[in-house]
Amino acid sequence: MDSRSTTNSAEPLALSRRSFLRSSALFGAGAVALAASLKPLLSLKDGPSMEQFLQKYYKELTPEEMQKVLERISREVEKEYGKRPHLRDLKPMDGVDFAYFLNLSRCVGCRKCVHACVKENNQSRSPEIQYIRVLKMPHGTFDVEKSEHNYNPDLVPEKGYFYMPVQCQQCKNPPCVKVCPVHATWQEPDGITVIDYDWCIGCRYCMAACPYGARHFNFTKPGIPADRLNTEMSYLGNRPRKKGVTEKCHFCVQRTRDGLYPACVEVCPAGARKFGNVLDHESEVYKILTTKRVFIQLKEELGTNPRFFYYFDV
Amino acid sequence: MGDKVKKRAVLSVLFVIAVFLIGGFWFNLWGKVSPVRQLPLIDADSELLKTDTWRKSYADLVREKGDIDVFDCYTCHDKDKKQELKYDKDNQLVVPEEHSDVVMGHGTHGRNNNCYNCHNDENLTQLQPRDGRPLKFDQSTQLCGSCHGPTLRDWESGSHGRTSGHWDHKIEDNKPNFVKKDCVNCHDPHKPKFPKRKPAPPPNHLRENPQPSVQSDTEN
Amino acid sequence: MITAIRNYLTFLWRCAKIAFVGDWRYYAWMGLLTTICLIGINAYCKQFVNGLIVTGMGDEVSWGVYISNFTFLVGVAAAAVMLVIPVYIYRNEELHDLVIFGELLAVAAILMCLGFVTVDLGRPDRFWHLIPGIGQLNFPASLLSWDVVVLNGYLLLNLHICGYLLYSRYHNRKPSKWFYIPFVFIAIVWAVSIHTVTAFLYVGLGGRPFWNSSIVGPRFLASAFTAGPALIILALQVIRKVTLYQISDKALLTLRSIVQVSMIINVFLLLNELFKEFYTHSAHAASARYLFLGLHGHHALVPWIWTAITFNVVAMVLLALPVSRSLKWLNLTCVLAIVGIWIEKGMGMVIPGFTPTTLGEMIEYQPSSNETLVCLGIWSFGLLCYTIFLRMAVPILQGRLSYANEGGKPLPDSLTGPNH
């Protein structure tokens, strides 16, 4: 019996039944193997609900739809953490253009701002996400390649160094907004660049584009201890994120759109951080802008035009 | 060896592999996902999370009905007799043991070691700037500013010092809704240099050993 | 109308059936690929459940082997056009019957690209946000949105061209020029555009000086037109051996001359890059220094890149010498070129862009085992697709699977029997 017999055979059925059974056994085994390979999906606990899957883009939501969305999120937070949040969708105030000034003559590198931010904005503790990164810079340079991120001496500030905290610079020409393929991040009229965590697809192009390392990704479900949850939340701000989306500093939108200082400004012991509406001539930031002789933007040659300035005592 | 025999052998081997895969997948025999590394939390009532200033001003103490006994000078001092200052042989002020909590250090080389540069020798419950006008303890900022002019200018415009509350400085009910901290909230008037402190812990990367940055390197 | 649909469905059914029929080598190959695919699917399910923490990526190096492979495979897909140009523009008859194998490779490569991008997403369930009209595609500002449009367009273009030509052949009909020639010419321009768009993804980012350079686009195309035809040379020899389809050595040598020129351009562009980075010695060259020399005590990529450069230079020299006219040497040269360019475009392009980070940190990246299994799974899936496409296409082109022997006559299932 050579191989040709299967081609011209007058009795194909007898042979093909056996080979049919053989091949269907293998086929069956293959199909079961395929099903078995999907076993990890059985332990999927936080998959998206149908409501969340079909949720419309933030800018297209009507107020009623937004209410439903806030209700859904509040329910989810309560289920997850056991606390009912006060969740709002705060809109930008009119006639407001935020600016942030950081006094490099004053920052002592204590990192209190980092932890105040983490506490206020419900950031993941394990794995750790911190919006603010304090760079310890040697005298005489702004080259971040010479910086140290992991300093941990007994006392700060250390002689011969200055400290430069970096967070989202809320650029006027943001590269992250330009590159997001789904418009999940955009700049609001008051100057804050926000992210809709329910729209982001997690491609991380914005993270590649940001020159300041300001954007952080949830590589897994964020670990927030329930007793540390800040229940004063806003939709575009500090509501708990899910895995697979990007987040970043948003100037504490849940505070600033109520007129309050961001948490980092509030906690800085050296008074190095200044925040306000640069259009208001009585604000600290306007006064710094118009009276201080020396202030800079980080990496300004890239054309990002940040709203975040570093200034000095002169 | 005929093609059919080889084919049957291959299919049998594939069947065995399929069974092995089913077992491997079902019992998760390889590639177990390790749990997320749990990092230590900052103590909930750690100093690092507090927004209070490390010192309280006279006005703060009055508002909170705290202990202001130390400002009531004439419980110990004599109203009619001027309190003389004592200096040692190096011209350093000798702080009397009743005021041992005062550590002098206002200016290098003992430049500002005369109590009466700031305190009024005729009325100890007042402060006096250079121009002689009397100031109360809750107006101490004006005293500091009488020498530290540029700093006072910056403090008034808001670029120096701490503000707290609302960036939106609307006056509500005639009360400003933001608080500008006084000099003495951050600076001990006798030893004003901003004290060093222990920083909060450094950042943790996602993976256990991501080979963090090397500080001063001599290559470039 | 109904008959036409019925005919088409029968055609598809027969094609599907023939994919499950073959000799022992076919079953062994397909079995191996399916096994690796299943392991890859299992690994991806773990990633889907636990998040991207199971990969080796982090905030600092936020793109890894998935995007590296994606970049390489877009180049392979674009290089299918390297068969089209000689045939349709220069009327090279040797390659005429082989164009379809190149385009089928392009389809398989695009499917792999789409696979790699999907597994890289943090929220693949939100893919519909990318669909223009239904979602919010940020076109034309975002280069990723361009990538979505051009890659899917290229897929449809090639599916149409291959499908139409094969179906016409199945019916032994001469294909109507208007249904495929314009598309072929569009495909030439489109192929260049898919790889240019992918290059621009990187070039447009001012915050990453390693990528923000105008040489990235030309380098991508030069390396794609080297690795792609090299892959096709190897694939054609496999087809020739396994299916006895007629492929002349002259066709392979024409492809060799394409690889020859492209590799010379690729190495020249590399020299350009090396000069620019190392002569100026500015701070922006930090990533290049990390890649080629090591930086601040970190040098994980240095052996890789120098291996790649060695492979490329050796391949270039062999291609220039007449010794590579012999198939044994040509095959070795192709393998060297493919591996060298895969390393260059993958690890040599994506990872140094993130090291040092924008804030000066040196965080090195290493793919995790789960990530590697997913990559192998997708590569196997692509090879599986390509094998199936060929398994369907070759009998059609040889006339053994056609409308004429529909219904009644049993399908030939052995490809190595003496009657072929």
Side-chain angles (χ1 to χ4, degrees), chain A residues 1-3 22-23 25-26 29-30 32-33 36-37 39 101 103 108-112 114-116 119 125-128 130 133 138 148-157 219-220 223 225 228 256 259-261 266-271 274-277 282-284 287-288 291-292 311 313, chain B residues 2-4 8 11 14-15 18-19 21-26 28 36-39 41-42 44 46-51 53-54 150-151 153-154 157-170 177-178 181 186 194 196-206 212-213 215-216 220:
Chain A
M1 286 250 225
D2 65 344
S3 50
R22 253 200 298 268
S23 36
L26 182 58
V32 174
S37 72
K39 178 168 185 257
F101 279 80
N103 192 341
V108 292
C110 65
R111 294 198 185 107
K112 275 181 86 163
V114 177
H115 291 275
K119 181 177 161 196
R125 307 312 197 263
S126 299
E128 188 181 84
Q130 292 173 342
R133 178 64 65 89
E148 164 82 46
H149 295 219
N150 298 311
Y151 64 92
N152 193 13
D154 289 325
L155 294 171
V156 282
F219 283 91
T220 189
R228 307 260 175 136
T256 52
L260 293 164
Y261 283 115
E266 193 65 54
V267 84
C268 176
K274 300 289 156 204
F275 178 85
N277 174 12
E282 300 305 311
S283 64
E284 299 104 80
K287 296 206 178 119
I288 296 170
T291 59
K292 288 297 167 195
Y311 74 106
D313 272 342
Chain B
D3 176 69
K4 267 217 312 241
R8 236 178 281 161
L11 291 179
L14 287 178
F15 186 79
V19 171
L21 282 181
I22 294 170
F25 293 149
W26 192 258
N28 204 10
V36 175
R37 182 170 62 123
Q38 291 301 311
L39 295 163
L41 292 173
I42 295 248
S46 152
E47 281 305 311
L48 294 168
L49 296 172
K50 294 212 169 73
T51 56
T53 53
W54 71 285
T151 312
R153 174 201 68 196
D154 285 345
S157 73
S159 66
H160 183 106
R162 288 180 64 169
T163 44
S164 166
H166 287 64
W167 58 263
D168 193 6
H169 298 171
K170 288 197 298 287
N177 59 1
F178 77 107
K181 304 291 182 193
C186 298
F194 198 71
K196 293 197 183 194
R197 57 201 53 225
K198 174 109 184 84
N204 290 288
H205 293 90
L206 190 60
S213 45
Q215 222 265 296
S216 55
N220 300 297

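What's counted below: heavy atoms across the whole structure, side chains too, no hydrogens, waters or symmetry copies. Order of the sequence lines sets the chain letters (A, B, ...), proteins ahead of strands, with each chain counted from 1.
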What residue in B:L48, B:V19, B:T151, B:L14 has the most heavy-atom pairs under 4.5 Å with chain A?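 Top option by heavy-atom pairs under 4.5 Å: B:L48.
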Side chain to side chain, A:R111 and B:P201, heavy atoms closer than 4.5 Å: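 When only atoms from C-beta onward are counted, B:P201 and A:R111 do not touch, as no gap falls below 4.5 Å.
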Is any side-chain heavy atom of B:R197 less than 4.5 Å from a side-chain heavy atom of A:P269?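 Contact flag for B:R197/A:P269 side chains = yes.
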Sort [X] into side chain, backbone, both or neither according to what part of it lies under 4.5 angstrom from a heavy atom of chain A.
{"X": "B:T53", "value": "neither"}
{"X": "B:D154", "value": "side chain"}
{"X": "B:T163", "value": "both"}

Given that the side chain runs from C-beta out, which part of [X] has a heavy atom under 4.5 Å from chain B: side chain, backbone, both or neither?
{"X": "A:N277", "answer": "both"}
{"X": "A:K112", "answer": "both"}
{"X": "A:E128", "answer": "both"}
{"X": "A:T220", "answer": "side chain"}
{"X": "A:V156", "answer": "both"}
{"X": "A:F101", "answer": "neither"}

Determine, for B:E47 against B:K50, whether the closest basic-nitrogen to carboxylate-oxygen distance falls under 4.0 angstrom.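 Here B:E47 pairs with B:K50 in a salt bridge, since their nearest N and O are under 4.0 Å apart.
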Heavy atoms only, distances under 4.5 angstrom: which of [options] has the most pairs with chain B? Name it, please.
{"options": "A:D313, A:D154, A:I288, A:T291", "result": "A:D154"}
{"options": "A:P153, A:G30, A:A116", "result": "A:P153"}
{"options": "A:S283, A:G276, A:C268", "result": "A:C268"}
{"options": "A:G223, A:P157, A:G109, A:P225", "result": "A:P157"}
{"options": "A:K119, A:K292, A:Q130, A:E282", "result": "A:K292"}

Take atom CH2 of B:W26 as the centre, draw a 6.0 Å sphere, and report whether it contains more than 12 heavy atoms from other residues, nucleotides or ligands.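 No, not enclosed.
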CG on A:N103 to NE2 on B:H160, rounded to 0.5 Å: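 It is 8.5 Å, given to the nearest 0.5 Å.
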Can you label the angle between the B:W167 ring and the A:F275 ring as parallel, tilted or perpendicular, going by 30° and 60°?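 Geometry flag for A:F275 against B:W167: perpendicular rings.
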Please confirm whether the backbone N or O of B:P199 pairs with a side-chain atom of A:Y151, one donor and one acceptor, at under 3.5 Å?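 No, because the side chain of A:Y151 does not come within donor-acceptor range (under 3.5 Å) of the backbone of B:P199.
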Show your reasoning for whether side chain to side chain contact (heavy atoms under 4.5 Å, CB included) applies to B:L206 and B:R37. CA-CA 9 Å; B:L206 190 60; B:R37 182 170 62 123; over 6 Å; no
Please step through side chain to side chain contact (heavy atoms under 4.5 Å, CB included) for the pair A:K274 and A:K287, ending with a clear verdict. CA-CA 11 Å; A:K274 300 289 156 204; A:K287 296 206 178 119; over 6 Å; no
Determine, stepwise, if the pair B:F194 / B:C186 fulfils side chain to side chain contact (heavy atoms under 4.5 Å, CB included). CA-CA 7 Å; B:F194 198 71; B:C186 298; 3.9 Å; yes
